[in-house]
Undergrad: 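For reference, the structure I am asking about is given below.
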Amino acid sequence: MVHHEAPKSILVHVLFGLRKLLGVATFALIVVLLGPKLFVLFDNPKNATVPAKLFEAREYVLSKSVPILHRYVPTNIAGSDRSDWILIGLAIVVTIFSGAVAQRSQTAQNRRLLRKSAQAWRRKEGVKPGSRLDAELETTLRMAESGKAVNRQELLRVFAETKKKLDTFGREVAFLAIDVVGSAGMKAGEDHASIQYDFEEYRKLVERIFRARGVLKTAWTPDGVMACFAHVEDACQSGKDVIKSLKVFNREVKLSKADFAVRCGVNAGLVYFDDSTPLETISDRVIDVAGHMQKNAEPNTVLVARKIIEPLRQLEEFTHTSQVIDGYEASVWRDTTSER
């Protein structure tokens with residue numbers, strides 16, 4: 001996640017500008033009202049230009065402000081009129097208040113940007129609402145938002161800590177997508193009970209193979225499946241095993257006329273999820289690419305992004321193709337063994 005401090009809005013610019021003007025005005029008021037008090041120690045201070053101007057300015061300010069001040073607050077303290085000190089105190093209070101309002105406005109804007117950046121990160125990484133991953137992020141966000149100040153350094157720290165925490169949910173996994181070729185045509189004109197039996201037995205076959213290869217999660221559609229494995233080798237080998245097993249399945253198990261054939265696609269990468277997250281709720285480009293590999297595969301082949309199988313020992317079993325899917329060069333596996 002990348003976060004930058006929110007640029008100041010027009011309102012925030014105005015508030016900070018007002019605070020600066022009030023600060024200058026308060027300093028000038030202090031000089032005008034208190035400066036002449038210093039010159040009273042000198043002989044005939046009003047004969048000099050600077051003290052004379054200060055005395056004139058003091059008298060002007062007091063003549064304009066004291067009548068108004070008297071309407072709202074008492075100005076006599078210990079038998080003396082302290083209008084000058086009260087004016088200075090009020091000016092300081094107003095300056096501090098305006099600065100606090102400006103800072104709170106900037107902080108609120110930073111918090112809004114923090115929330116907006118977090119939402120964008122959620123969408124980018126496919127973090128599902130209500131997941132444990134989402135709860136971790138929300139907790140960190142609320143802690144940041146509850147702080148008195150949310151400046152750029154604080155926000156960067158929050159994002160760094162959140163990213164570090166969320167990275168513990170990231171796993172390098174492989175996805176295998178399998179779909180039955182022409183499943184709608186297979187069912188046409190067939191006995192419903194036979195078709196139901198065949199597809200139930202097919203699913204049992206696939207699930208046995210997946211369990212043997214240590215599948216982590218599966219998501220089934222009526223005639224297809226997306227499976228998640230810890231290793232690319234397991235995903236690729238599962239696809240191979242399904243294709244090889246269909247020989248015996250078509251010959252000895254199924255009841256319908258049409259033979260079962262499948263297309264398989266494999267991809268791998270870093271995906272954010274936890275053990276409680278159903279696979280069908282995970283949205284990630286890594287999964288999308290596996291599905292697109294499957295859609296572009298020929299019947300009874302495993303099509304895979306070449307870059308993920310290059311480190312594998314079984315690389316020689318795959319043939320490089322001219323296909324480029326979602327920006328990835330594709331390699332294909334075909335069963336070259338004779339039917340047993």
Side-chain angles (χ1 to χ4, degrees), residues 122 124-128 130-137 163-179 202-221 224-246 262-297 300-318 325-335:
R122 278 185 171 101
K124 177 184 176 183
E125 302 297 343
V127 178
K128 292 297 179 181
S131 65
R132 183 183 169 194
L133 192 60
D134 183 62
E136 290 280 354
L137 177 58
K163 186 65 167 64
K164 183 178 180 181
K165 183 184 295 184
L166 295 182
D167 277 345
T168 63
F169 291 92
R171 300 179 63 176
E172 287 284 348
V173 289
F175 293 93
L176 166 65
I178 303 179
D179 192 57
Y202 162 75
R203 179 164 176 164
K204 291 177 184 177
L205 168 69
V206 173
E207 288 179 338
R208 284 197 300 270
I209 291 171
F210 284 177
R211 286 195 297 271
R213 295 291 174 183
V215 69
L216 300 176
K217 294 176 181 289
T218 57
W220 282 87
T221 62
V225 62
M226 180 69 72
C228 176
F229 295 87
H231 306 289
V232 175
E233 296 94 327
D234 294 324
C236 292
Q237 194 59 51
S238 293
K240 297 176 187 178
D241 292 344
V242 169
I243 292 171
K244 293 176 181 178
S245 299
L246 286 179
V262 296
R263 294 186 178 93
C264 301
V266 177
N267 190 38
L270 179 67
V271 177
Y272 291 93
F273 69 93
D274 57 71
D275 293 338
S276 63
T277 306
L279 182 55
E280 56 268 23
T281 67
I282 302 175
S283 176
D284 195 280
R285 188 170 185 272
V286 175
I287 302 175
D288 294 340
V289 172
H292 297 162
M293 289 286 174
Q294 174 265 309
K295 291 181 183 299
N296 285 275
N300 288 334
T301 65
V302 179
L303 196 64
V304 57
R306 183 173 180 81
K307 70 179 184 66
I308 69 168
I309 61 168
E310 287 178 344
L312 304 185
R313 292 188 298 272
Q314 313 97 310
L315 180 59
E316 63 275 7
E317 299 179 10
F318 290 85
I325 300 171
D326 294 337
Y328 296 101
E329 295 181 347
S331 295
V332 64
W333 174 90
R334 292 183 175 85
D335 186 12

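None of the values given here were measured: they were computed from a predicted structure.
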Undergrad: Rounded to the nearest 0.5 Å, how far does CE of Met293 lie from CG of Leu176?
TA: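 Taking CG in Leu176 and CE in Met293, the distance rounds to 13.0 Å.
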Undergrad: Closest approach of Thr218 and Ala227, non-hydrogen atoms and distance?
TA: CG2-CB, 4.0 Å
Undergrad: Find out whether Gln237 and Asp234 are in side-chain contact, i.e. whether some heavy atom of one side chain is under 4.5 Å from a heavy atom of the other.
TA: no
Undergrad: Please check: side-chain N/O of Asn300 versus main-chain N/O of Val262, any donor-acceptor pairing under 3.5 Å?
TA: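 Side chain of Asn300 to backbone of Val262: a pair is present.
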Undergrad: Tell me which one of Val332, Thr301, Leu303, Ile243 satisfies side-chain contact (heavy atoms from CB on, under 4.5 Å) with Cys264.
TA: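 Per the side-chain contact (heavy atoms from CB on, under 4.5 Å) rule, the option paired with Cys264 is Ile243, out of Val332, Thr301, Leu303, Ile243.
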Undergrad: Walk me through whether His292 and Asn267 qualify under side chain to side chain contact (heavy atoms under 4.5 Å, CB included).
TA: CA-CA 10 Å; His292 297 162; Asn267 190 38; over 6 Å; no
Undergrad: Determine whether Trp220 and Arg203 make a side-chain contact, defined as any pair of heavy atoms from C-beta on separated by less than 4.5 Å.
TA: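 With C-beta onward as the side chain, the pair touches.
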Undergrad: Could you check whether any side-chain N or O of Ser245 sits under 3.5 Å from a backbone N or O of Asp241, counting only pairs where one atom can act as donor and the other as acceptor?
TA: yes
Undergrad: Where do Glu172 and Gly269 come nearest, in terms of heavy atoms and distance?
TA: OE1-C, 3.3 Å
Undergrad: Going by the rule side-chain hydrogen bond (donor to acceptor under 3.5 Å, both in side chains), which residues pair with Tyr202 if we only count those two or more places apart in sequence or in a different chain?
TA: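 side-chain hydrogen bond (donor to acceptor under 3.5 Å, both in side chains) check on Tyr202 returns nothing, list empty.
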Undergrad: Do Leu216 and Val173 make a side-chain contact, defined as non-hydrogen atoms from C-beta onward lying under 4.5 Å apart?
TA: yes
Undergrad: For Leu270 and Val286: C-alpha separation, side-chain torsions, deciding distance, then whether side chain to side chain contact (heavy atoms under 4.5 Å, CB included) applies.
TA: CA-CA 8 Å; Leu270 179 67; Val286 175; over 6 Å; no
Undergrad: Side-chain contact, heavy-atom cut-off 4.5 Å: Val215 with Cys228?
TA: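 A side-chain contact under 4.5 Å is absent here.
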Undergrad: Nearest heavy-atom pair of Asp179 and Gly224: which atoms, and what distance?
TA: OD1-CA, 3.7 Å
Undergrad: Applying side chain to side chain contact (heavy atoms under 4.5 Å, CB included) to Phe318 and Val304, what does each step give before you reach the verdict?
TA: CA-CA 9 Å; Phe318 290 85; Val304 57; 3.5 Å; yes
Undergrad: I need the Arg306 CZ to Ile325 CD1 distance, nearest 0.5 Å.
TA: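 So the CZ of Arg306 and the CD1 of Ile325 are separated by 14.0 Å.
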Undergrad: Just so I know, are the side chains of Asp326 and Arg285 near enough to count as touching, which here means a heavy-atom distance under 4.5 Å?
TA: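 Yes, their side chains come closer than 4.5 Å.
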Undergrad: Do you know the tightest heavy-atom contact between Asp335 and Lys244?
TA: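 Shortest heavy-atom contact: OD2-CG, 3.8 Å.
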Undergrad: Evaluate Gln294 against Ile178 for side chain to side chain contact (heavy atoms under 4.5 Å, CB included), listing each step before the verdict.
TA: CA-CA 7 Å; Gln294 174 265 309; Ile178 303 179; 5.8 Å; no
Undergrad: How close do Ala268 and Lys307 get, counting heavy atoms only, and between which atoms?
TA: O-NZ, 4.3 Å
Undergrad: Pair Glu317, Lys240 - check salt bridge (Lys or Arg N to Asp or Glu O under 4.0 Å), show working.
TA: CA-CA 11 Å; Glu317 299 179 10; Lys240 297 176 187 178; 2.5 Å; yes
Undergrad: When the aromatic ring centroids of Phe229 and Phe210 are compared, is their separation below 6.0 Å?
TA: yes
Undergrad: Spell out, as yes or no, whether a donor-acceptor pair under 3.5 Å connects the side chain of Arg263 to the backbone of Ala297.
TA: yes
Undergrad: Do Val266 and Phe175 have side chains that approach each other closer than 4.5 Å (heavy atoms only, starting at C-beta)?
TA: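 Result no, sub-4.5 Å side-chain heavy-atom pair not found.
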Undergrad: Tell me the closest heavy-atom pair linking Ala174 and Ala235, and the distance in Å.
TA: CB-CB, 3.8 Å
